[in-house]
Amino acid sequence: YLGIDLSYHNSTVNFSQLKNQESNMPPAAGYGQNNIDKAFERYAQACVDYGIPFGAYWFGYPLNIKMARQEARYA
């Protein structure tokens, strides 16, 4: 499958146009610690509404093992 990276940086996404393509949509769930992507819920719900398979990812940028564990727990 091809994937399209979605985050609040994408302005408008036409999900009706994407629903017939063999791709999945991995919306950005968030980043760092406690930073949920502003568009995640909207994009995830649109995928559900249009029957588009999707996953999610968490953009991490830990500086050490402790931070990595904290970010992983939050994700």
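Computed from a predicted structure; not experimentally measured.
Without hydrogens or angle criteria, D37 side chain to Y8 main chain gives a donor-acceptor distance under 3.5 Å.
For the residue pair F15 and C47, the shortest heavy atom distance occurs at CE2-SG, 3.8 Å. Contact between A29 and A56 at its shortest, heavy atoms only, is CB-CB, 4.2 Å.
The side chain to side chain donor-acceptor pair (under 3.5 Å) analysis of residues 58-75, with sequence neighbours excluded, yields no pairs.
Side-chain heavy atoms closer than 4.5 Å link hydrophobic residues (I, L, V, M, F, W, Y) into clusters, and following such links, possibly through other members, connects I52 to L6. With hydrophobic clusters built from ILVMFWY side chains whose heavy atoms lie under 4.5 angstrom apart, F40 does not share a cluster with Y57.
Using a 4.5 Å cut-off between side-chain heavy atoms of Ile, Leu, Val, Met, Phe, Trp and Tyr, I65 forms no hydrophobic cluster with any other residue.
Atom CD of Q45 and atom CZ of F54 lie 8.0 Å apart (nearest 0.5 Å).
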